[in-house]
Structure formats: structure tokens, C-alpha cells
Amino acid sequence: MVQLYNLHPFGSQQVVPCKREPERFCGGGRDALFVAAGCKVEAFAVAGQELCQPRCSFSTLGRVLHLAYSEAGISNEISQLESDDFVICQKPMELLGEKSEQSGLSVTLESTGLTDEKIKYFHFRHLLYRRFAPDISSYILPDDIKLHSLQLLPIFQMGSLTTDENKLSQEKELLSLFCFFSLPHVGYLYMVVKSVELMSVYQYPEKSQQAVLTPQFLHVITSNNLQCFTVRCSAAVAREEDLYMDTTLKTCPPVSMDVCALRIQLFIGLKAICHFKNHIILLTKADPEVIPERRESPKKLLSRKDTSIKIKIPPVAEAGWNLYIVNTISPVQLYKEMVDYSNTYKTVRTQSCIHLLSEAHLLVRAALMDASQLEPGEKAELLEAFKESCGHLGDCYSRLDTQHSHLTLPYYKMSGLSMAEVLARMDWTVEDGSQKYERGLIFYINHSLYENLDEELSEELAAKVVQMFHVAEPKQLPHILCSPSMKNINPVTAMSYLRKLDNSGFSSVLVTLTKAAVALKMGDLDMHRNEMKSHSEMKLVCGFILEPRLLIQREKGQIVPTELAIHLKETQPGLLVASVLGLQKNDKIGIEEADSFFKVLCGKDEGTVPQLLVDFWEAQLMACLPDMVIQELFCKLTSQYIRRLSKRQPPDTTPLRTSEDLINACSHYGLIYPWVHVLISSDSLADKNYRDDLSKLQSLICGPSFDIASVIPFLEPLSEDTVAGLSVHVLCRTRLKEYEQCIDILLERCPEAVIPYAHHELKEENRALWWKILLPELCQKIRCGGEKYQLYLSSLKETLSIIAVELELKDFLNVLPEDGTAAFFLPYLLYCSRKKSLT
């Protein structure tokens with residue numbers, strides 16, 4: 001049964017001053033009404049509340065059978081088709097979309113009067129086939145099963161801004177299309193866009209004669225009543241148009257919600273109806289006195305087409321008629337009446353309140369769909385009503401314990417109300433000493449506090465929120481207290497509720513960490529230390545993962561370290577780094593956010609890297625992270641090591657791990673090559689931190705995972721004039737297999753490192769470099785003499801020993817210098833010749 005509300009959607013009415021009894025009429029343009037009678041058409045101006053004025057009249061070549069208005073270049077927005085021929089079938093059937101082609105009906109488009117150029121824009125598509133059968137169990141007249149009021153209603157979007165910001169585009173974009181048709185006692189509304197589906201079924205309280213569908217209402221006339229029903233067009237369009245619909249951000253009353261009758265208004269002798277803009281045109285005609293002759297049985301009526309009721313009409317009787325214009329009131333005015341009406345349901349807490357407020361919301365939403373037809377003041381008023389309706393619906397869902405309580409959140413969001421304003425709307429009175437908080441309100445507050453809204457609740461409201469969750473969801477208290485919106489909570493009050501959790505058996509590492517954070521705010525360092533000692537570091541890390549806001553909060557889009565994080569930086573930096581790493585691995589914080597956190601925490605600008613951030617990067621390398629992240633970390637760490645080495649800049653805090661720690665614990669840090677130690681020992685590196693940064697950089701380059709080519713651009717600040725810089729450059733060239741260049745450099749800068757370098761690097765496929773590169777170079781250096789002569793000579797002897805083992809005698813002779821002293825090379829030649837016999 002359709003619910004009836006006694007509202008007032010209809011406003012003023014006036015009589016159209018027609019000269020002849022209307023046979024056909026329709027609205028058109030911005031303010032025109034056309035009335036046809038016989039071969040004569042009259043046009044009237046209809047403007048707001050003013051009287052209907054004749055505009056012009058003209059004659060047609062023949063009797064007007066159908067009247068419809070069409071703008072140039074635009075097809076009729078509403079097409080009405082009526083059919084008196086209706087075949088009653090024994091089996092009802094409904095075919096939707098492409099399946100409707102199976103109905104067996106053929107349709108041919110007639111192109112009379114259209115040019116070929118225009119014909120190509122016309123397309124035929126099967127949308128819907130529906131066949132009805134009468135209910136023979138009750139008394140039914142033939143007219144009771146006659147189809148009427150077939151109508152297509154397109155919904156357009158208009159008014160998008162063009163390049164000229166002061167002008168609105170008049171291009172129409174089809175958002176949705178609806179199909180309505182009616183039987184005398186029931187109407188059907190279908191949505192026709194991507195698919196065809198039944199939206200609403202209208203059961204009329206009495207036999208209908210005609211109906212017209214608008215984006216906001218369905219108007220139905222009976223013989224003596226004008227009925228106004230709600231429609232779901234705006235809800236359907238909203239879901240087609242907005243991808244965020246039915247999320248935590250936005251929602252809308254469902255398309256499936258039951259329709260209702262807003263008003264049934266007495267109107268004697270109704271015969272026809274049409275609609276345009278905010279006007280309803282009604283034709284009334286008083287029938288002559290009728291005398292029924294007889295009635296047939298239901299079976300006879302169904303089996304004999306010509307057995308209808310015979311009517312006696314007095315020969316001198318004449319019918320009186322009137323054509324009325326009924327103005328519908330503004331959407332905002334009707335909306336306000338619906339809101340006032342809904343207040344009668346508030347105390348009884350029923351679904352009726354939600355239903356009527358949902359109807360009011362859809363009414364405003366429908367009026368906003370075509371913003372191009374609204375004046376600026378009207379649009380602003382509608383937008384305000386829209387937000388207000390969202391607030392009312394949020395109130396309903398927050399107070400009523402329904403399965404749809406979660407809708408409290410999106411409705412309050414769309415209302416634009418702040419959290420404080422929502423809480424101010426709540427009834428905090430306690431009748432029997434106990435307070436019950438419904439699911440909707442708890443869901444809204446909980447979700448809002450999780451979203452880190454840039455809103456701080458007052459101390460009083462924060463205390464009420466804590467009390468609310470203590471009663472309704474005590475396990476959520478630690479999370480609630482960590483919200484930035486709750487920063488004004490009295491810490492003594494917060495601690496009292498947290499202790500109640502301990503006494504209730506809800507104690508956990510999360511409660512412990514929250515108590516430790518509150519103790520800091522209270523200035524009780526002893527309590528803070530005791531709480532932090534009650535769990536192992538691993539459990540504390542797990543607690544921070546459960547609630548990241550204990551360490552990191554966001555205010556106005558910026559990362560803000562908490563008081564607890566600042567305290568841990570000084571007292572337990574290792575725990576802090578491990579906790580942030582845990583947050584990142586569990587997707588609670590992004591890579592860039594973590595970097596920003598440490599920079600803000602340490603008071604550094606974007607161009608400065610604090611040691612605690614370097615510690616975090618090193619901890620990331622020790623964790624199992626994806627390869628792409630690892631390569632990015634390599635670049636971050638190498639650039640930082642090189643920057644500090646090049647500027648001789650010590651870290652701002654003591655590093656958490658030494659190079660030895662990293663080599664032992666992390667596979668990405670490799671053992672430093674032995675020849676590097678020889679090279680470094682040639683210079684005194686007094687500063688321990690300087691040596692540690694250098695060792696970490698060398699270890700990274702010696703590791704198995706580093707893409708050496710990626711570090712080359714960072715090497716420029718690190719000069720080869722220093723031993724530290726030299727070691728890094730030679731290491732990189734070695735990893736790039738530039739052995740000849742490295743040997744040249746070492747022979748010139750650090751000859752004592754040449755043989756250790758060759759032993760480590762010139763192996764297997766590179767072994768030939770001993771005699772092809774190293775031997776000739778050493779011979780050349782010895783010829784030149786100089787202060788390093790003895791070093792070169794010692795290196796040459798070691799080289800000859802290796803070559804004597806590797807080559808056959810003939811090959812050995814071929815690589816020796818022609819100007820060499822035979823006595824010097826003889827021992828190595830003898831060893832080479834005897835090695836076969838020795839083996």
C-alpha cells in the first residue's frame with residue numbers, strides 16, 4: 001500500500017481563457033501554452049504567478065489530432081504515446097533490453113519529410129516489451145486493463161562552464177533516461193541507460209485516467225482527484241553520475257525505497273493533464289447526467305469486446321469545461337513542509353521519519369540536477385536545503401538502531417557540519433542513570449576521529465566523546481585518545497578511563513603505550529618509564545603498528561611528530577626507528593612520509609639529512625624490502641655518506657649501528673676488499689665517525705646488490721686527492737671492470753696496494769692481466785727509478801712469481817722485456833721450466 005502524506009505540492013491555480021473547448025494542449029518553450037480545438041490553435045503566455053494571457057492564435061489545415069512542442073535542433077524532451085488498441089494476452093511477460101527483440105513485434109521507422117542527411121542520425125533500439133493479463137478472479141471492466149500514458153523522460157546535465165567563465169554552455173549531456181507507462185490501477189517506471197530495470201511500481205488508490213512523469217513527481221488524474229507521487233529519478237541519476245556514491249564520502253536514498261503519495265487533491269471532472277516547467281495543465285469537464293442501463297458479468301465482459309456499459313444521455317444535456325493552470329510550489333518550500341511534517345515522527349523513532357526526510361532529500365537533489373534553469377539565489381537556497389537535509393538524515397541514522405546506521409557518516413559529511421556541530425545536536429540527557437549510544441553515532445565519531453580532521457574538540461566535548469566510547473566501545477578508547485581532534489582532553493581524565501580498561505580486563509600493549517603517552521602530557525616521567533618497561537621492545541613496536549598516531553600525526557596535511565616520538569628520540573632512538581620501520585612495512589606510512597617525519601622530528605629542513613634518518617635508511621636495508629626500494633635506498637645512503645665525507649661533516653647524533661654491525665647483520669653490506677685496507681692504511685683517518693662513514697660506503701660498494709652505475713653521478717664531490725676519495729673511486733672502477741685504469745692509479749698513488757689488488761681482482765678470466773698489464777707497467781716504473789723504486793721492484797718480483805706458475809716456459813719468455821737483465825729473471829725461468837717435473 002502506498003503511504004499517503006497530506007502535504008501541499010500544489011500552489012495557486014488559474015483558468016486559461018480559451019475561446020473553445022480544448023481537445024489537445026501542451027506546454028513549450030520558456031513560458032508558452034498551446035491549446036488546440038478542431039482546426040484552431042491558441043497560444044498563451046504563462047509566467048510565474050501572473051495571469052495567463054493570450055499571445056496569438058492560428059489555424060491548421062485539418063483537425064488537430066496530436067500536439068507536441070519541439071525546439072529547433074532538439075527532439076521532444078517528453079514524448080507521450082497513447083493507444084486504444086490493446087490486446088489482452090493470457091500469459092504476462094516482461095522482456096528487457098536486447099531480449100525484447102524476441103517479442104515478435106516488428107517496427108519500421110518512417111522517414112517521410114526527412115532528408116537523407118538527417119535520417120542517418122536516427123537509430124532504432126529495443127528497450128522493453130511487457131505484456132499484461134487481467135486478473136479474472138475479480139470484477140474487471142475492459143477499461144480497467146487499458147494501457148495509457150506511455151512516456152520517455154530524459155534527464156540532461158546542462159550549464160558546464162565554457163572558456164568564457166561568465167557564460168554557461170547550453171550543450172545537453174544525457175545523464176539518464178526513464179520509461180513510464182500505466183494501467184488504470186498501476187503504473188511502472190523503468191530506468192533505461194546501460195541496462196533496462198524496473199525502478200518503481202505505483203499502486204493507485206483509485207482508477208487513473210492519465211499520468212505525467214517529471215524529474216521530481218508523478219502526477220496522476222482520476223475522474224475527481226489530482227494525485228502527486230514521489231519518484232526515484234534523482235537517486236538513479238546520482239548513482240549513474242557520481243563514482244563516489246554509496247561510499248563513506250557520499251550516499252543517497254536507495255532507488256528501491258517505497259514511493260509515497262504527497263497529496264490527493266479533489267478536482268471534479270478531470271479529463272486530461274500535461275506538464276511543463278513548474279506548471280500542471282488540467283482539463284476538467286462536467287459530464288452530463290448518465291444512467292447505466294445494465295451490467296454484464298465479468299466473464300462476458302472479458303469474452304465479448306463490444307459488451308460495454310450502455311449509457312443513456314439526455315438529448316439536451318451539455319457539458320461545462322475549464323482549462324486550469326496549477327502551479328507547483330518551489331522545491332525549497334515543499335522541502336521545508338516535509339521537514340516540519342517529519343518532526344511528528346521524531347519522538348517515536350520509526351522508519352517513517354527516515355522515509356519522509358529521504359523524500360525531501362531527493363526532492364532537493366532533483367531540483368539541483370538542472371542548475372541552468374535556476375537563478376543564483378535559487379541555487380544557493382537549494383544547496384543550503386541540500387546540506388540541511390543531509391544533516392537531518394545524519395541525525396536520524398545516528399539515533400535509530402537500524403541496519404543502515406553506517407549511513408550516518410556520509411550524510412553528515414555531505415551536510416558540511418563539523419564534528420563539534422554534530423555533537424552539539426546530540427541529546428546528552430540521561431533518564432534512568434544509564435546512557436545508550438546508538439551504532440550510527442559511534443560509527444560516525446569513530447570514523448571521523450580516524451580521518452585526522454583538522455578540527456580540535458573542546459575539553460568538554462572531548463570528555464563526552466571519551467565517556468561515550470567508554471560505555472559503547474571501550475576497546476576503541478586508546479585509538480580515540482590518539483586522534484589529533486582529541487588533543488584538548490584533560491590528561492587526568494584520559495588516564496582515569498585508561499585505568500578503568502586495565503581493571504576491566506582490556507589491558508594490552510596498546511593501552512600501555514597510550515598510558516605512557518598520557519603520562520608524558522601529565523609530566524609524570526616515572527609513570528612513563530614504568531609503562532615503557534612493562535613490555536619488550538618487539539611488543540612495543542607491535543603496539544605502535546596498531547596505532548601509528550601514537551608517534552605520527554597529521555595537521556593540515558603536514559606530518560607532526562607526537563610528544564611521545566620527541567621523547568623517544570632522546571631516550572630510545574632505536575625503538576623509534578624500529579617502530580617507524582614497522583609502520584612502513586605494514587603500509588601504515590609511506591616512504592616519503594617517513595623521511596619527512598624524521599626531518600621534522602630532528603628539526604631539519606628538506607635539504608638536510610639528520611643521522612636518525614640515516615639510521616632509518618640503514619634499518620630499511622636490513623629489512624627485506626622490494627628491489628626498487630633497495631636501489632633507492634642505495635642512492636640515498638651513498639649520497640649522504642659522500643656528502644659527509646666530502647665536507648668532513650660529522651653526524652648530528654651517534655649512529656645506532658657501526659659499519660661492522662651492518663656488515664654482520666645485513667647482506668647488502670659486503671666485506672670490504674683486503675686491498676682497500678692496505679690503501680686506507682697509507683693515510684691516518686683520525687675521526688672515528690669519518691672512518692665509519694667511509695667504511696659503510698666502501699662496504700655498500702663491495703656488497704652484492706648495489707648497481708654501481710647509479711652511484712657514479714654522486715662521486716663528483718668526493719675528490720680523488722684524498723685517500724678516502726681515491727679508495728671509493730678505485731672501488732667503483734673495479735666493480736665496472738676497469739682494471740687497467742685502476743692498476744695505473746694504484747701504481748702511481750699507492751704501489752703497496754697493487755699486489756693485494758691484483759691477487760684479489762685479477763683472477764680467472766682476468767688472470768692474463770698479470771702479464772699483459774701489470775708486468776709491463778712495473779718494468780716501466782723500475783726503468784724510471786725514483787723514490788718508490790724498491791716498492792716497484794718488490795711488486796715486480798711478486799708478479800714474476802705468479803706468472804712463472806701460470807705460464808709455460810715459452811709463453812713466459814715471450815712476455816719478458818727484451819731489455820731485461822737475464823740474471824734477474826733467471827730464477828723465475830728456472831722455476832717455470834722445472835714446475836712440470838715438480839708436479
Side-chain angles (χ1 to χ4, degrees), residues 232 234-258 339 342 345-346 348-362 364-365 386-428 435-455 457 461 464-486 546-547 549 588:
R232 303 288 167 259
S234 61
V237 171
R239 287 177 169 82
E240 287 291 325
E241 183 184 17
D242 198 333
L243 297 176
Y244 292 99
M245 194 57 62
D246 296 324
T247 65
T248 58
L249 297 175
K250 297 180 181 179
T251 190
C252 181
V255 174
S256 59
M257 185 175 72
D258 290 340
V339 172
S342 70
Y345 297 106
K346 276 190 176 181
V348 293
R349 293 195 172 195
T350 65
Q351 289 290 339
S352 296
C353 182
I354 292 180
H355 186 275
L356 187 53
L357 287 173
S358 297
E359 295 286 10
H361 176 87
L362 290 177
V364 176
R365 187 183 281 274
F386 178 82
K387 290 182 178 180
E388 183 188 274
S389 74
C390 293
H392 288 317
L393 284 168
D395 292 342
C396 281
Y397 284 109
S398 70
R399 294 166 182 162
L400 302 181
D401 190 10
T402 74
Q403 60 177 335
H404 302 297
S405 299
H406 62 281
L407 295 177
T408 304
L409 177 62
Y411 275 122
Y412 274 146
K413 279 190 176 183
M414 294 191 298
S415 73
L417 294 169
S418 67
M419 196 166 19
E421 288 171 328
V422 169
L423 289 170
R425 297 159 77 100
M426 298 298 108
D427 183 9
W428 301 97
Q435 179 70 59
K436 181 182 179 183
Y437 303 100
E438 300 295 353
R439 288 182 297 170
L441 179 61
I442 294 297
F443 181 79
Y444 164 75
I445 297 296
N446 195 14
H447 203 285
S448 298
L449 292 176
Y450 261 106
E451 284 189 333
N452 298 311
L453 301 175
D454 294 327
E455 178 186 2
L457 296 177
L461 282 179
K464 287 182 177 180
V465 169
V466 172
Q467 164 65 19
M468 181 191 308
F469 278 87
H470 171 69
V471 172
E473 290 191 27
K475 288 184 179 180
Q476 291 296 319
L477 264 180
H479 299 288
I480 296 304
L481 290 170
C482 291
S483 170
S485 300
M486 297 287 288
L546 289 173
E547 183 45 83
R549 293 177 298 179
K588 298 298 180 70

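Computed from heavy atoms alone, side chains included, the values below leave out hydrogens, waters and symmetry copies. Residue numbers start at 1 and run along the sequence shown.
In this structure, OG in Ser448 is found 7.0 Å from NZ in Lys413, a value given to the nearest 0.5 Å. For the atom pair CZ (Phe469) and CG (Asn446), the distance works out to 4.5 Å, reported to the nearest 0.5 Å. Atoms CD and CG, from Glu388 and Leu357 in turn, are 10.0 Å apart once rounded to the nearest 0.5 Å.
The backbone N or O of Asp258 sits less than 3.5 Å from a side-chain atom of Arg232, completing a donor-acceptor pair. Side-chain N or O atoms of Thr408 include one that pairs as donor or acceptor with a backbone N or O of Ser398 at under 3.5 Å. Ser483 contributes no side-chain N or O that, together with a main-chain N or O of Ile480, makes up a donor-acceptor pair within less than 3.5 Å. Put simply, the side chain of Arg239 gets close to the backbone of Cys252: a donor and an acceptor are under 3.5 Å apart. Looking at Ser485, its side chain does come within 3.5 Å of a backbone N or O of Glu455 through a donor-acceptor pair.
No side-chain heavy atom of Ile442 sits less than 4.5 Å from a side-chain heavy atom of Gln476. Two residues are said to be in side-chain contact when any heavy atoms from C-beta on lie closer than 4.5 Å; Cys390 and Leu417 fail this criterion. Residues Met419 and Glu451 fail the side-chain proximity criterion, which asks for heavy atoms closer than 4.5 Å. Two residues are said to be in side-chain contact when any heavy atoms from C-beta on lie closer than 4.5 Å; Glu473 and Arg439 fail this criterion.
Across all non-hydrogen atoms, the minimal contact from Thr247 to Pro410 is O-CB, 3.6 Å. Nearest heavy atoms, Gly394 versus Tyr411: N-CB, 3.8 Å. The shortest non-hydrogen separation linking Leu449 to Arg549 is O-NH1, 2.6 Å. The two atoms that bring Pro478 and Pro474 nearest to each other are CD-O, 4.1 Å, heavy atoms only. Listed here is the closest heavy atom pair of Arg425 and Asp395: NH2-OD2, 2.6 Å. Here the closest heavy-atom approach between residue Ser358 and residue Leu393 is recorded as OG-CD2, 3.6 Å.
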Verdict with reasoning, Leu457 to Met486, per side-chain contact (heavy atoms from CB on, under 4.5 Å): CA-CA 6 Å; Leu457 296 177; Met486 297 287 288; 4.0 Å; yes
Would Lys464 and Leu423 count as a side-chain contact (heavy atoms from CB on, under 4.5 Å) here? Give the steps. CA-CA 9 Å; Lys464 287 182 177 180; Leu423 289 170; over 6 Å; no
I'd like to know whether Leu362 forms a side-chain contact (heavy atoms from CB on, under 4.5 Å) with Met257, so could you lay out the CA-CA distance, the side-chain angles of the two residues, the decisive distance to 0.1 Å, and finally the verdict. CA-CA 11 Å; Leu362 290 177; Met257 185 175 72; 4.0 Å; yes
Residue pair Leu441, Met468: steps toward the side-chain contact (heavy atoms from CB on, under 4.5 Å) verdict: CA-CA 10 Å; Leu441 179 61; Met468 181 191 308; 4.0 Å; yes
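For His479, the side chain to side chain donor-acceptor pair (under 3.5 Å) test picks out Tyr450, Glu547, with sequence neighbours left out. Remark: Tyr444 pairs with Tyr412 by the ring pair (Phe, Tyr, Trp, His ring centres under 6.0 Å) rule, at least two apart or across chains.
Taking the six-membered ring for Trp and thresholds of 30 and 60 degrees, His406 and Phe443 have ring planes more than 60 degrees apart, a perpendicular arrangement.
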